[in-house]
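Presented below is the structure to which this report refers.
Heavy atoms only: backbone and side chains are in, while hydrogens, waters and symmetry mates are out. In each ligand, atom 1 is the first atom listed, and ligand 1 is the first ligand listed. For reference, positions follow the sequence shown, starting with 1.
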Amino acid sequence: MIVDLIIKNPNELLTMSLPNKIIRGRDYKNIPILKNTDIAIKNGIIIKIGKNLDKELKAKKIINCEGKTVLPSFVDCHTHLIFSGTREFELVNKINKTRGSNSEVMGGGIKYTVSCTRKSSKEELKNLAIKRLNRMLEEGITSIEAKSGYGLDWENEKKILEVIKEISHEIDIIPTFMGAHSIPDDLTPEKYTEILINEMIPNVKKYNLAKFCDVFCENGFFSNELAEKILISAKKNNLKLKIHVDQLSNTNGAELSAKLGVVSADHLDYSSEEGIKAMAKANVIGVLTPTITFRLDTKFPNVTFMMENNLPIALSTDFNPGAGYSESMYLVIYFACLKLKMLPIEALASATINAAYACNIGNKVGSIEVSKNADILIVDAPNHNYIPYHYGVNLTNMVIKNGKIVFSKKDSDIIECL
Ligand code: NIG
Ligand code: FE
């Protein structure tokens, strides 16, 4: 048989494939780390994993991965991709200590970005997004979730969701409607919630503009009561659910996430132990954002407790114009290891297979398995523990999306055969 590509002989191949699919608790110990193992790809799909595949199959192209680590390419399961209006002044204010509380800064910051985004055309927003996506691809990310939320009225939320839909890029984007990101200046939280439920969410469904609905549940933003109303209405409109909870304070958001049975509950920095246990029981995935926690100087979540209680964990950049202006998944993994005390293998699984399940695409991507999409990352690292050890630089050697090389460093070793 002739195949399109063989990925040959990496030092370590991390498949992130286990019988239970989503990885939790002690499962991390069983993740296969294979030596001398190749991957064969045809028509964008992984068709065989095994030793010396170049001896039994003819390949059009072989990538020699000696000395490198190969794993599924990253999935970024929580991004606020579409906006204009960056906020570098917030960093300077933080250094000068001329800023208020995190909640005040975030509230003012979101408003600033909303006013800039409302003034931008679809074309401008698309061009900004493509630059960000190009950087993400270099970071080894090949699928993302992207939220709206810097429009806060139907005209502008629709504009943002249409931009997400119309972007043509190698990275696959799962769209999320997050009109409930903040409260517009001229409305009460209750009135805006009514508009979200009666007008915006039904329109999202009508025009098929999103797969998920998300709410920023926090003091000063959406209360648990309003968040629940919004997400119940989203569910009735066939949207899957996500929620930002317990990021700046404990509002019992984890408990609410479990009650609603959301696909993922994100941040969880201040969540209670009872809430975490309830989430694990309800099969909710916890999405953690350690670079944001570091930047905001808030409390790091208790990951040891989460793992002991079998909560599946995904990691994300939470790319946004506030505390999250970085496309680097390597940086997220670095902070996950150092500050959340995750082992490198745990952080890497959380940024691949578990992140894929947090976007509801785990059946297609996130692990290296026969019949899954060939979305693969080759890293300049002799073993996986080296990845967070060599920090602050981009270690990507090559990125493969649907079997095609979409990013490659100059020194990558590609052999053209046919
Ligand atoms: O996930 N928490 C709410 N939203 C973003 C921040 C948005 C912003 O600062 O513009 C987050 O951290
Ligand atoms: Fe967010």
May I ask you to check whether Y325 and F319 place their ring centres under 6.0 Å from each other? yes

May I ask you to establish whether R295 and F335 are in a cation-pi arrangement, using a distance under 6.0 Å from NZ or CZ to the six-membered ring centre and at most 45° from the ring axis? no

When you measure from atom 2 (N) of ligand 1 to every protein heavy atom, which one gives the shortest distance, and what is it? Q247 OE1, 2.8 Å

Taking only heavy atoms of R87, which atoms of ligand 1 are found under 4.0 Å from at least one of them? 8 (C), 9 (O), 10 (O)

I want to confirm something. Looking only at heavy atoms, which of K147, H181, E218, M178 is nearest to atom 3 (C) of ligand 1? H181

Could K364 and D375 be called an ion pair, given the rule that one side-chain N must be under 4.0 Å from one carboxylate O? no

D318 heavy atoms within 4.0 Å reach ligand 1 at atoms 1 (O), 11 (C), 12 (O)

Carboxylate-amine/guanidinium proximity below 4.0 Å for K404 and E170: no

Result for side-chain hydrogen bond (donor to acceptor under 3.5 Å, both in side chains) between K8 and one of D38, D413, N64 points to D38

Considering F319, F216, Y150, Y325 one by one, which has a heavy atom nearer to atom 8 (C) of ligand 1 than any of the others? Y150

Give the atoms of ligand 1, by number and element, whose distance to some non-hydrogen atom of H244 is under 4.0 Å. 1 (O), 2 (N), 3 (C)

Counting from 1, what ligand 1 atoms have a heavy atom of M106 closer than 4.0 Å? 2 (N), 3 (C), 9 (O)

Would you call R135-E139 a salt bridge at under 4.0 Å N-O? no

For the student: nearest non-hydrogen atoms of I387 and L348, plus distance: CD1-CD1, 4.1 Å

Just to be sure I understand the site: which N, O or S atoms from the protein are less than 2.8 Å away from the Fe ion (ligand 2)? H78 NE2, H80 NE2, H244 NE2, D318 OD1

Given 3.5 Å as the limit, does a donor-acceptor pair link the side chain of K21 with the main chain of L18, or not? no

The single option from H78, H244, H80 that satisfies ring pair (Phe, Tyr, Trp, His ring centres under 6.0 Å) with F216 is H244

Which atoms of ligand 1 sit under 4.0 Å from any heavy atom of H78? 1 (O)

Taking N or O atoms only and a 3.5 Å limit, does T113 qualify as a polar contact for ligand 1? no

Less than 4.0 angstrom from a charged side-chain N to a carboxylate O is my criterion; do E194 and K191 meet it? yes

